Amino acid sequence: MSCGCKTSGDSAHSCGTKSANGCESVNTCGNSYKLSVFDWLSNVQNPTQNRCDFVEVRFKNDRKLFYKNVNNIPLHIGSVVTVESSPGHDVGVVSLTGELVKIQMKKKRASEENPLKIYRLANQKDIEVWQEARKKEENVKIEARKISHRIGLEMKITDVEYQGDSSKVTFYYTADNRIDFRMLIKEFAGAFRTKIDMKQIGFRQEAAKIGGIGSCGRELCCSTWLTDFRSVNTNVARYQQLSINPQKLAGQCGKLKCCLNYELDSYLDALSHFPSSSTMLDTEKGRAFCIKIDVFKKKMWFAYVDSSMAWYDFDVDLVKKMISQNKRGEKTLPLEDLKQPELSVKTVDLIQENSVDRFEKKNRGFNKNRNQGQNQNQNRPNNNQNQGPRKSRPENNSERPERNDKGERLERQERQPRPEKSVKPNQNNTQRQPKPQQQKPQSEKPQLENAATVNNNAEQKPQNQQPKKKFKKKFPPKKDNDA
């Protein structure tokens with residue numbers, strides 16, 4: 001049993017449901033829920049005993065009607081039902097049940113008087129006739145376009161819909177002007193041997209029936225959820241500071257996009273705090289007029305009437321002060337003097353989106369340190385050969401005190417020939433008797449100087465030799481015991 005989606009005329013595209021209760025895979029049924037309403041009361045029990053007898057039934061594309069369940073048939077969303085029509089009967093799919101149907105009827109202004117009835121759940125014969133009729137629609141549409149073109153009518157046949165019992169065919173067409181299709185109906189009746197019904201639709205309804213992908217990358221709003229079409233004019237684009245470019249503002253229907261109305265209220269609310277865009281400012285240099293308004297930054301751009309090439313942007317509060325100053329009869333300063341220099345803000349790329357090699361930095365540093373350690377280990381035996389025989393390094397720490405003995409000998413030799421320098425701080429100490437506390441730091445200075453000279457002399461010896469290379473702690477080089 002087919003679920004009644006757009007491609008359900010072909011058994012290969014049906015959802016594969018074989019029960020009359022409804023569509024088992026509702027979410028994976030293609031276009032079966034086009035312009036659907038979410039039943040958020042499906043899991044809530046009705047506290048009152050009076051249940052809503054009306055049911056919303058969907059037919060091909062976006063056509064929906066309301067029917068009364070006279071026989072109290074247990075219906076679910078997705079149930080294929082046979083309903084009343086003129087002439088004969090039609091087959092559709094239940095799209096909404098419960099208390100939300102009353103809200104939808106009130107929204108679409110459907111009357112409860114003399115409602116259409118639901119006959120029964122569709123049996124196998126009804127569904128077979130329905131599917132055979134759906135298979136003919138594409139060929140009938142192509143043949144109908146050929147007939148209209150042969151007659152010379154300026155119209156476009158958009159879609160064709162067969163009734164469930166194949167007793168009537170509805171042709172949807174679009175045209176700019178009114179068309180006399182009396183001759184066309186005779187041709188259609190002789191070609192298709194059934195009752196003909198012609199319905200003219202707008203260009204937006206055509207886009208809703210055909211469907212497609214918008215410039216935003218999503219499905220068209222009119223073919224998925226938008227049920228009512230509001231008028232859109234160019235003033236909407238002007239309020240939002242958009243360029244009047246018909247190629248960008250127009251949708252697939254050739255009209256202005258419906259989504260221009262979505263944010264119009266928020267823009268109008270923000271523009272209410274702005275001065276009028278036709279305001280003129282009297283400055284000492286001349287008159288200035290408004291060129292541009294930025295709603296998000298709350299700024300207005302002004303330029304002189306004589307030279308409109310240079311633009312100056314000001315905050316809204318400053319513009320209001322300038323307007324009040326002009327009302328008092330005073331002229332404001334030139335725009336160049338009122339313009340405040342903009343502070344350059346340095347942006348920090350925390351995520352490092354702009355760097356292409358952001359994932360390779362860690363590996364590069366690791367490879368560099370590794371390569372340096374390998375190169376230094378390879379260069380060691382070459383340096384030893386050029387410098388001649390070199391003493392082996394002491395492996396134990398017991399041989400290191402010899403250097404300390406040498407350092408003590410140097411200290412003794414340097415301390416002996418400097419008795420004169422040690423006299424000067426003593427003479428100063430004798431003159432400055434009331435400050436005995438300063439003797440200690442003055443006597444310590446020559447000792448520090450002697451220690452510094454000893455360290456400098458100790459460092460001069462290894463400088464004659466090759467300087468030792470310092471390695472990082474992360475990757476220390478391995479010691480070669482055989483060197």
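Computed from a predicted structure; not experimentally measured.
Between the CD1 atom of Ile210 and the CG atom of Asp159 there is a distance of 7.5 Å, given to the nearest 0.5 Å. Interatomic distance, NZ of Lys298 versus CD1 of Ile293, reported as 14.0 Å (0.5 Å rounding). Taken from SG in Cys253 to CD in Gln205, the straight-line distance is 9.5 Å, to the nearest 0.5 Å. A distance of 11.5 Å separates CG of Asp176 from NZ of Lys156, quoted to the nearest 0.5 Å. Within the model, atoms CG of Leu256 and OG1 of Thr234 stand 7.5 Å from one another, a figure rounded to the nearest 0.5 Å. In this structure, the separation between OG on Ser307 and NZ on Lys285 is 6.0 Å, given to the nearest 0.5 Å.
The 12-atom threshold is exceeded at NZ of Lys320, counting heavy atoms of other residues, nucleotides or ligands nearer than 6.0 Å. Within a 6.0 Å sphere centred on NE2 of His273, heavy atoms belonging to other residues, nucleotides or ligands number more than 12. Dense packing is recorded around OH of Tyr119, with more than 12 heavy atoms of other residues, nucleotides or ligands lying under 6.0 Å away. Atom CE of Met183 sits in a sparse spot, with 12 or fewer heavy atoms from other residues, nucleotides or ligands closer than 6.0 Å. Summarising the local packing, CZ of Arg150 is surrounded by more than 12 heavy atoms from other residues, nucleotides or ligands at distances under 6.0 Å. Counting non-hydrogen atoms of neighbouring residues, nucleotides and ligands closer than 6.0 angstrom, the CD atom of Glu336 exceeds 12 such neighbours. In the displayed structure, Arg328 atom CZ is contacted under 6.0 Å by more than 12 heavy atoms of other residues, nucleotides or ligands. Summarising the local packing, NZ of Lys108 is surrounded by more than 12 heavy atoms from other residues, nucleotides or ligands at distances under 6.0 Å.
Between Glu138 and Lys141 there is a salt bridge, with a side-chain nitrogen of the basic residue lying less than 4.0 Å from a carboxylate oxygen of the acidic one. A salt bridge is absent between Arg134 and Glu161; no separation between the charged side-chain nitrogens and carboxylate oxygens falls under 4.0 Å. Here Lys292 does not pair with Asp313 in a salt bridge; the nearest charged N to carboxylate O distance is not below 4.0 Å. Using a cutoff of 4.0 Å between basic side-chain nitrogens and carboxylate oxygens, Asp282 and Arg287 are scored as salt-bridged.
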Step-by-step side-chain contact (heavy atoms from CB on, under 4.5 Å) determination, Trp130 to Val80
CA-CA 11 Å; Trp130 180 43; Val80 183; 4.2 Å; yes
Give the intermediate values and the outcome of side-chain contact (heavy atoms from CB on, under 4.5 Å) for residues Asn71 and Ile118.
CA-CA 8 Å; Asn71 300 322; Ile118 295 177; over 6 Å; no
For side-chain contact (heavy atoms from CB on, under 4.5 Å), just list the numbers for Phe171 and Ser148, CA-CA rounded to whole Å, side-chain angles, deciding distance to a tenth of an Å, and then say yes or no.
CA-CA 12 Å; Phe171 292 91; Ser148 64; over 6 Å; no
Between Val93 and Val57, does a side-chain contact (heavy atoms from CB on, under 4.5 Å) hold up when you go through it step by step?
CA-CA 5 Å; Val93 182; Val57 180; 5.7 Å; no
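Counting only distance, with no hydrogens or angles, the side chain of Thr224 and the backbone of Leu220 share a donor-acceptor pair below 3.5 Å.
Between the side chains of Glu84 and Tyr67, no donor N or O sits under 3.5 Å from an acceptor N or O. Looking only at atom types and distance, the side chain of Ser85 has a donor-acceptor partner in the side chain of Gln163 under 3.5 Å away. For the residue pair Lys257 and Ser215, a side-chain donor N or O sits within less than 3.5 Å of a side-chain acceptor on the partner. In this model, a donor atom of one side chain and an acceptor atom of the other lie less than 3.5 Å apart for Ser95 and Glu56. Judged purely by distance below 3.5 Å, without hydrogens or angles, the side chains of Asp165 and Ser167 pair a donor atom with an acceptor atom.
Between Pro87 and Lys195 the shortest heavy-atom distance is CD-NZ, 3.9 Å. The shortest heavy-atom contact between Gly164 and Asp90 is N-OD1, 2.8 Å. The shortest non-hydrogen separation linking Pro115 to Lys68 is CG-CD, 3.9 Å. The two residues Asn261 and Arg230 come nearest to each other via the heavy atoms ND2-CB, 4.0 Å. Minimum heavy-atom separation, Val295 to Phe274: CA-CZ, 4.0 Å. Across all non-hydrogen atoms, the minimal contact from Ala303 to Ala310 is CB-O, 3.4 Å.
The closest side-chain heavy-atom distance from Arg238 to Ile244 is below 4.5 Å. Using a 4.5 Å cut-off on side-chain heavy atoms (C-beta onward), Arg63 and Tyr172 make contact. Two residues are said to be in side-chain contact when any heavy atoms from C-beta on lie closer than 4.5 Å; Asp294 and Trp301 meet this criterion. When side chains are defined from C-beta on, Arg204 counts as touching Cys258, because their heavy atoms get closer than 4.5 Å. Side-chain contact check for Asp315 versus Lys299: some heavy-atom pair is nearer than 4.5 Å. Counting heavy atoms from C-beta outward, Tyr304 and Trp311 have side chains that stay 4.5 Å or more apart. Residues Leu121 and Ser79 are in side-chain contact: their nearest non-hydrogen atoms beyond the backbone lie under 4.5 Å apart. Side chains of Leu333 and Thr283 form no contact here, defined as non-hydrogen atoms less than 4.5 Å apart.
At least one cation-pi condition fails for Lys168 and Tyr162: the charged atom is not both under 6.0 angstrom from the six-membered ring centre and inside a 45 degree cone around its axis.
A side chain to side chain contact (heavy atoms under 4.5 Å, CB included) with Val236 holds for exactly one of Leu260, Leu242, Leu268; it is Leu260.
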